[in-house]
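Numbers here simply count residues along the sequence, with the first being 1.
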Amino acid sequence: MDNTGGGSFMRNRRLESFLDTNSTANGKQTPKILVREEVVRSPKSDVYVEDDGWISALISCVRIVVCFLSMMVTTFIWSLILLLLLPWPYERIRQGNIYGHVTGRMLMWILGNPIRIEGTEFSNERAIYVCNHASPIDIFLMMWLTPTGTVGIAKKEIIWYPLFGQLYVLANHLRIDRSNPSAAIQSMKEVAHAVVKNNLSLIIFPEGTRSKNGRLLPFKKGFVHLALQTRLPIVPMVFTGTHHAWRKGGLHVRPAPITVNYLRPIKTDDWTEDKVNDYVRLLHDIYVENLPEAQRPLH
């Protein structure tokens, strides 16, 4: 049911993270966040007309600067919290998620894009969350909308990203060495072991990189191997419109409408290693079916 309860959605995502009493320091139970399907700011139309005039560019510049300064403040605050929690790795993951809920929602509010969120009944699963990736905004949405008790997987070089990279490591999220195939396979095994041992969820971009034009790229096999090792269900998160809002390599943020759609979880209990390519095609086809024509692959 659609309504305009954006503030309520934000408060549910943020306050339930702080007040949840089900979490434990040893990570035996994944905290749950109670959310409802809501519209944060409902787009008025599916058609977006770009405005590249100087006024739009000036507003974009101001918003990006405010985002950066705001992120510096929250990053500094949570860095201190995470340093105090160094002996407790699971609590660092949880606080890293709370940082993401607060910071991601704040950054999206500053950018001002109309956002529609669908399928939130699937947003609290213990699962492998997968997202298509065409814009820096995807990272803000991922930070905000994944549940507490979720770890990300990124290339090892993320530590050199200003502010975000250092906090990512402090929050005990996971890194892999993509330049070395054998090391990457071993890293994936370690990731799966850590997820099962600590009862965590995962978030991953199956394309492995950001699309330049918003069109869906081929999927890599990493998410399938993680599903085979953890037996977690896969929850697709379909992002539409983010490539219009903030393009790869650009610094012009446009007020394009954005939709986030959680799809029904895909069970992996009966998956087998001899059908890895089939599972990759299965998920890719699901995204193709749920993306608008402008974001589907050309072939």
Side-chain angles (χ1 to χ4, degrees), residues 6 9-18 20 30-33 35 40 63-64 66-79 81-82 91-113 115-117 120 122-125 127-155 158-159 161-175 200-207 210 235-243 245-246 248 253 258-262:
F9 187 96
M10 176 186 70
R11 288 191 293 273
N12 283 338
R13 178 62 80 183
R14 183 178 60 194
L15 295 180
E16 287 289 344
S17 299
F18 278 108
D20 186 4
T30 303
K32 296 295 183 182
I33 304 168
V35 295
V40 178
R63 283 178 167 164
I64 290 175
V66 174
C67 279
F68 181 76
L69 294 176
S70 301
M71 190 173 179
M72 284 184 64
V73 173
T74 58
T75 300
F76 176 74
I77 293 171
W78 260 273
S79 294
I81 294 172
L82 293 175
E91 282 303 316
R92 279 189 282 133
I93 292 172
R94 183 172 180 273
Q95 284 297 323
N97 293 147
I98 295 172
Y99 162 83
H101 298 161
V102 174
T103 304
R105 182 63 186 94
M106 176 185 67
L107 296 179
M108 292 310 303
W109 178 78
I110 293 170
L111 293 178
N113 295 87
I115 305 173
R116 183 182 181 88
I117 302 174
T120 53
F122 307 127
S123 67
N124 286 316
E125 302 279 338
I128 298 173
Y129 291 86
V130 296
C131 316
N132 55 308
H133 191 21
S135 168
I137 287 178
D138 302 332
I139 297 174
F140 303 159
L141 292 170
M142 177 191 74
M143 290 166 58
W144 170 27
L145 295 174
T146 49
T148 305
T150 301
V151 289
I153 304 176
K155 57 186 179 181
I158 196 172
I159 192 174
Y161 289 17
L163 300 178
F164 181 77
Q166 293 76 49
L167 195 94
Y168 182 94
V169 175
L170 271 176
N172 207 36
H173 287 276
L174 308 168
R175 295 179 295 153
L200 301 171
S201 293
L202 280 165
I203 182 75
I204 189 170
F205 293 120
E207 295 160 285
R210 198 185 312 163
V235 176
M237 295 175 65
V238 182
F239 297 157
T240 59
T242 60
H243 65 298
W246 191 344
K248 181 176 181 178
V253 180
I258 294 170
T259 300
V260 179
N261 188 8
Y262 295 87

A.B. asks: So among Thr74, Val73, Leu111, which one has a side-chain contact (heavy atoms from CB on, under 4.5 Å) with Met106?
C.D. replies: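 Exactly one option meets the side-chain contact (heavy atoms from CB on, under 4.5 Å) with Met106, and it is Thr74.
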A.B. asks: Calculate, to the nearest 0.5 Å, the distance between atoms CG and SG belonging to Leu145 and Cys131 respectively.
C.D. replies: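 Rounded to the nearest 0.5 Å, the CG-SG separation comes to 9.0 Å.
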A.B. asks: Any donor-acceptor pair under 3.5 Å linking the side-chain atoms of Ser123 with those of Tyr129?
C.D. replies: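 Side-chain D/A pair, Tyr129 to Ser123: absent.
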A.B. asks: How far apart are the closest heavy atoms of Ala154 and Ile158, and which atoms are they?
C.D. replies: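 Smallest interatomic distance, heavy atoms only, reads CB-CD1, 3.7 Å.
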A.B. asks: If you define the side chain from C-beta out and look only at heavy atoms, does anything of Pro147 sit under 4.5 Å from Glu125?
C.D. replies: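 Sidechains of Glu125 and Pro147: no contact.
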A.B. asks: Measuring from atom OG1 of Thr103 to atom CD1 of Ile139, what distance do you get when rounded to the nearest 0.5 angstrom?
C.D. replies: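 So the OG1 of Thr103 and the CD1 of Ile139 are separated by 13.5 Å.
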A.B. asks: Rounded to the nearest 0.5 Å, what separation is found between the NZ atom of Lys155 and the CZ atom of Arg175?
C.D. replies: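 Taking NZ in Lys155 and CZ in Arg175, the distance rounds to 12.5 Å.
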A.B. asks: Might you work through the side-chain contact (heavy atoms from CB on, under 4.5 Å) test for Tyr99 and Ile77, ending with a clear yes or no?
C.D. replies: CA-CA 9 Å; Tyr99 162 83; Ile77 293 171; over 6 Å; no
A.B. asks: Quick one: CG on Leu141 to CD1 on Ile115, what's the gap to the nearest 0.5 Å?
C.D. replies: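 Here the rounded value is 6.0 Å.
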A.B. asks: Ignoring hydrogens and geometry, is there a side-chain-to-backbone donor-acceptor pair from His243 to Ala134 under 3.5 Å?
C.D. replies: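 Answer holds: no.
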A.B. asks: Before giving the answer on side-chain contact (heavy atoms from CB on, under 4.5 Å), spell out for Ser201 and Thr146 the whole-Å C-alpha distance, their side-chain angles and the decisive distance to 0.1 Å.
C.D. replies: CA-CA 9 Å; Ser201 293; Thr146 49; over 6 Å; no
A.B. asks: I'd like to know if the side chain of Arg94 reaches the main chain of Thr148, judged simply by a donor and an acceptor atom lying under 3.5 Å from each other, with no hydrogens or angles considered.
C.D. replies: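 Absent.
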A.B. asks: Looking at Glu207 and His133, would you say the former's side chain and the latter's main chain have a donor-acceptor pair under 3.5 Å?
C.D. replies: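 Yes, because the side chain of Glu207 sits within donor-acceptor range (under 3.5 Å) of the backbone of His133.
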A.B. asks: Can you give me the closest heavy-atom contact between Gly96 and Leu82, atom names plus distance?
C.D. replies: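 Closest heavy-atom pair between Gly96 and Leu82: N-CD2, 4.3 Å.
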A.B. asks: Using every non-hydrogen atom in the two residues, find where Gly149 and Asn97 come nearest and quote the distance to one decimal.
C.D. replies: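 Smallest interatomic distance, heavy atoms only, reads N-OD1, 2.6 Å.
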A.B. asks: Just how far is it from atom CD1 of Ile98 to atom CH2 of Trp78, taken to the nearest 0.5 Å?
C.D. replies: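 It is 7.5 Å, given to the nearest 0.5 Å.
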A.B. asks: Testing Ile128, Leu174, Val151 for side-chain contact (heavy atoms from CB on, under 4.5 Å) with Ile204, which one passes?
C.D. replies: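 Single pass found, and it is Ile128.
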A.B. asks: Calculate, to the nearest 0.5 Å, the distance between atoms CD1 and CZ belonging to Ile110 and Arg63 respectively.
C.D. replies: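 Answer for the CD1-CZ pair, Ile110 versus Arg63, is 10.0 Å.
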A.B. asks: Taking all heavy atoms of Met142 and all of Phe239, pick out the closest pair and write down the distance.
C.D. replies: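 Between these two residues, the closest heavy atoms are N-CZ, 4.4 Å.
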A.B. asks: Which atoms form the tightest heavy-atom contact between Trp144 and Ile117, and what is the distance?
C.D. replies: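 Between these two residues, the closest heavy atoms are CH2-CD1, 3.8 Å.
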A.B. asks: Under the 3.5 angstrom rule, does the side chain of Asn172 hit a backbone N or O of Ile93 as a donor-acceptor pair?
C.D. replies: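 Between the backbone of Ile93 and the side chain of Asn172 there is no qualifying donor-acceptor contact (under 3.5 Å).
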A.B. asks: Determine the minimum heavy-atom distance between Gly152 and Ile203, stating which atoms define it.
C.D. replies: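 Of all heavy-atom pairs spanning Gly152 and Ile203, the closest is CA-CG2, 3.5 Å.
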A.B. asks: Got a donor-acceptor contact below 3.5 angstrom from the Ser135 side chain to the Trp246 backbone?
C.D. replies: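 A pair under 3.5 Å: yes.
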A.B. asks: For Gln166 and Thr75: C-alpha separation, side-chain torsions, deciding distance, then whether side-chain contact (heavy atoms from CB on, under 4.5 Å) applies.
C.D. replies: CA-CA 9 Å; Gln166 293 76 49; Thr75 300; over 6 Å; no
A.B. asks: Could you please spell out the steps behind the side-chain contact (heavy atoms from CB on, under 4.5 Å) verdict for Met72 and Phe68?
C.D. replies: CA-CA 6 Å; Met72 284 184 64; Phe68 181 76; 3.4 Å; yes
A.B. asks: Donor-acceptor pair, distance only, cut-off 3.5 Å: does the side chain of Asn261 make one with the backbone of Val238?
C.D. replies: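 Checking the backbone N and O of Val238 against the side chain of Asn261, no donor-acceptor pair under 3.5 Å is found.
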